[in-house]
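Proteins come first, then strands; the chains are lettered A, B, ... in the order of their sequence lines, and each starts at number 1.
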Amino acid sequence: MRNISLINLKNVSKIYGEERTTIKALNQVDLEIEGGKIFTIMGPSGSGKSTLLNILGAMDKPTSGEVLVNEIDIGSLPERKLARYRKETIGFVFQSFYLLPNLDVIGNVLIPLIPYRIKDKDRERAQELLNLVGLGERAHSKVGKLSGGESQRVAIARSLINNPKVILADEPTGNLDSETGKSIIDLLIKLAEEEHKTIIIVTHDPRIAQVVGEHPLGKNIWIKDGELSEKPTYDMYCW
Amino acid sequence: MLKFSIKNAFRKKGTATLASIGVGFGLMLVFVIGAFTAGVNAQFQDNLTRSIGIVEIIEKDVEGRANSHLPLSLPNKLYDTPNVGNFIINHNIETQAPIYFTSNYSGPSKLQNLGDTLTLKGLNQSLDQNWGGPTTKLLQGRFFTIGNNEAIVDNRLLDAAQFPVSIGVNITISLDPGGINTTTLTIVGIYEEEDIGAPDFVPREYYIYTDIQTLWNYLYRAGEETNVYSTIDLRFNVETTEETENFADSINEYSDGGGYSPTFITAVALATFFKSIEETFAIFNAFAGIIGIITVIAGGMAIIVTQLMSVTARMKEFAILKSTGWKNRHIFLNVVYESLTLGLLGAAIGMGIGGILIIVLGSGASPFGGASAIVTLEGVIEVLAYALGLGVVGGLYPGIKASRVRPVVVLKGE
């Protein structure tokens, strides 16, 4: 079950701009995302990492090719259905956390459920998630009083509230010191191990790639000029 | 989501509060104008209802009631008017003294405002009792007795007069414009005269009533025409303004045809007079309403600007909400709810300040004192409707802008 392909990218290209000013962010990419695994997407700036992440998360549509989720091409879905896909399948974690300062910690975890009426069982789940990320005691703290690492843990709990199958983390350690960053990566790995989540991490940090690469569930994907590779070439290290 | 939006509306407390105060001042104007309009309208309606069936007769083509001279035989002739007389229930008569009789008591030094006047009138007590006139509304003292130079006075004078007004006090009456030849009337009673309900700065006419015989004696001594009536009031057995107007028209037509010759008269339905005032006031109301709406729109711009600033500063936040599964519709509604919150707070501020203003302006201490204001449910609903309308309109464009956020663009490089 855990190795069944969750998301299949077939011949996906993404081109920005028009005519002479076009930029090929992704070039005929084929990628199979298997359930319960941890992926890192590594590559230099402008290589197409974030574009790939956005297409996987249905935040952007490919110019050509198919993004198949349960045999349905999400690239052809209307915005309304894409929102549902994001809600039910994807959890996003960003470099800058983006917590709302006027809500407490648990309130931030519950943000994705606000339009759908928050029930008691949702609050219980939010509390469980805070326990999972090690912030169970801080549920009613102001987010302004949290450290960077704690804020990112809240963001991870927020990404999990809808119980998505996939967590997309865009430079999740980019704003953290190395020790805190490592604890966040450990937490994401724990989510794959214990919660069977599929984790996709976009990062510049080769240490994350090393940790993930050495993990039995881990897999590193390298990207350069919009093309994927499972092994880095020399110039990929020279960003 | 509503709770979330209400909290969000005050992310920037200062700006949000200022926007609400801006809207609040506009809505306050609507609320206060609405309350005073309702008050005055109620007064007009009351007057209109009480005036149905009443027709006032004065001499034709004369200026002012004091110059109207109707013969003593006219009441009986009015009862004989074809197709009209049968419907007359009763009548009252008054004779009004020329203005110089009481001119020493008029104007701002003697009464409250420029334009306020004091008028001396004579009436027949038994007719007046039957009619339900001043002599049936005695508050203090007693009626005047015939031939004893006694009077009853308007109770509003107790507040308005800058000269002594109480039982036993003498009022000097000038029997010539120079005030050389005078006589005195002793106040023996105070009767209740209903105020017109307009603000204090609107000029008022105050009254002293004596018996008609005494007034005729004074008119004789002053060399004025005596043994005449200034006005004759008729009460008809009708239920509508239109019927009253029809009888007035019939009397006018009969007079113009020489029916009361040699006297020619003008009959006016009092309800017509009140209706014309009401129509004039409706124009004033419309202008006041337009001013209120313009002010509200100006206040509403404050909501739009505040929400636009807020939305522009929070584009990344909306992008994140979208990434967590919020639909465009959710983001749009969130922004609209926020501006509705600002609008409704504005309504609360407007009604709060407006309520205080209504109390202050309606009190005797203010220059608007005496103006009647009524806070009606319709008035409150109107203000809330404005607030909701402003909230929706104010949140539309910012809401659309926020809902169209493209997370890929906004979060690029994050």
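- Counting non-hydrogen atoms of other residues, nucleotides and ligands closer than 6.0 Å to NZ of K10(A) gives a total of 12 or fewer.
- Using a 4.5 Å cut-off between heavy atoms, P101(A) contacts chain B through its side chain alone, with no backbone atom that close.
- Both the backbone and the side chain of D60(A) come within less than 4.5 Å of a heavy atom of chain B.
- The OG1 atom of T324(B) sits 11.5 Å away from atom CG of L110(A), with the distance rounded to the nearest 0.5 Å.
- Neither the backbone nor the side chain of I118(A) comes within contact range of chain B, judged by heavy atoms closer than 4.5 Å.
- For the options I111(A), L113(A), N102(A), heavy-atom pairs under 4.5 Å to chain B are most numerous at N102(A).
- Of all the listed residues (P112(A), G57(A), A83(A), P115(A)), the one sharing the greatest number of non-hydrogen pairs under 4.5 Å with chain B is P115(A).
- Within a 6.0 Å sphere centred on NZ of K165(A), other residues, nucleotides and ligands contribute 12 heavy atoms or fewer.
- Neither the backbone nor the side chain of R117(A) comes within less than 4.5 Å of any heavy atom of chain B.
- With a 6.0 Å radius and a threshold of 12 heavy atoms from other residues, nucleotides or ligands, M315(B) has its CE atom above the threshold.
- In this structure, chain B has a heavy atom under 4.5 Å from the side chain of N162(A), while its backbone stays farther away.
- Contact tally against chain B (heavy-atom pairs below 4.5 Å) for R84(A), K87(A), R86(A), E79(A): the top residue is R86(A).
- In this structure, the side chains of P407(B) and F92(A) stay at 4.5 Å or more apart for every pair of heavy atoms.
- Side-chain contact between L82(A) and K322(B) is absent, with no heavy-atom pair separated by less than 4.5 Å.
- Using a 4.5 Å cut-off between heavy atoms, Y116(A) contacts chain B through its side chain alone, with no backbone atom that close.
- Ranking E88(A), M59(A), R158(A), R80(A) against chain B, the residue ahead of the rest is M59(A), based on heavy-atom pairs under 4.5 Å.
- With contacts defined as side-chain heavy-atom distances shorter than 4.5 Å, the pair Y98(A)/K316(B) qualifies.
- Within a 6.0 Å sphere centred on CZ of F4(B), other residues, nucleotides and ligands contribute more than 12 heavy atoms.
- From I114(A), atom CD1 reaches atom CG of N334(B) across 8.0 Å, with rounding to the nearest 0.5 Å.
- Only the side chain of L103(A) comes within less than 4.5 Å of a heavy atom in chain B; its backbone stays farther off.
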